[in-house]
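In this chain, numbering begins with 1 at the start of the sequence shown. In what follows, every heavy atom counts, from backbone to side chain, and hydrogens, waters and symmetry copies are set aside. Not measured: the values here are computed from a predicted model.
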Amino acid sequence: MLTIASEIEVLARFGRALAEPIRCRVLIALRQAPAHPAELAERLGVSRTRLSNHLACLRDCGLVVAVPVGRRTRYELADERLGHALDHLLASVVAVAGERTCAEDEEKGCCR
């Protein structure tokens, strides 16, 4: 059972992972199906080096795992519940906020 402090750390770690659009795109792509880095880089339109840095971050956060497949490595969500959580999070945010943006977005960049 998590303590309040550890719950906060887990949510903060998840928030940091979601704070970068490329990492969000990686999580959404992996929610659909596991993939190799080269495939992900091509699908997302980013360099392999840049993708590698984001995959390392997501691995360090415990959100994705690298699975050896022969001489290659495939990435997938660390737990299938994460995919369900992303689905619920997306649905909840859309239901609550719709197309709204943060009131301070342009002034202070609070949502950037």
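Residue Cys24 holds its SG atom at 11.5 Å from CG of Leu44, rounded to the nearest 0.5 Å. Summarising the geometry, atom CD1 belonging to Ile8 is positioned 8.5 Å from atom OG1 belonging to Thr3; distances are rounded to the nearest 0.5 Å. Taking CZ of Phe14 as the reference point, atom CG of Leu86 lies at 5.0 Å (rounded to 0.5 Å).
The salt bridge (charged side-chain N to carboxylate O under 4.0 Å, His left out) contacts involving residues 73-83 comprise Arg74-Glu76, Asp79-Arg81, where partners must be two or more places apart or lie in separate chains. The side-chain hydrogen bond (donor to acceptor under 3.5 Å, both in side chains) contacts involving residues 44-56 comprise Arg23-His54, where partners must be two or more places apart or lie in separate chains.
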Please tabulate, one pair per line, all N/O donor-acceptor pairs under 3.5 Å involving side-chain atoms of residues 57-72, not counting sequence neighbours.
from	atom 1	to	atom 2	distance (Å)
Arg59	NH1	Tyr75	OH	2.7

Enumerate, atom names and distances included, each donor-acceptor pair closer than 3.5 Å involving a side-chain atom of residues 28-39, sequence neighbours excluded.
from	atom 1	to	atom 2	distance (Å)
Arg31	NH1	Asp87	OD1	2.7
His36	ND1	Glu39	OE2	3.4
Glu39	OE1	His36	N	3.1

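Take Arg25 and apply the salt bridge (charged side-chain N to carboxylate O under 4.0 Å, His left out) test, not counting sequence neighbours, and it matches no residue. In this structure Glu9 satisfies the side chain to side chain donor-acceptor pair (under 3.5 Å) test together with Arg16, sequence neighbours excluded.
In terms of hydrophobic clustering, with Ile, Leu, Val, Met, Phe, Trp and Tyr side chains grouped at heavy-atom distances under 4.5 Å, Leu89 and Val26 are assigned to a common cluster.
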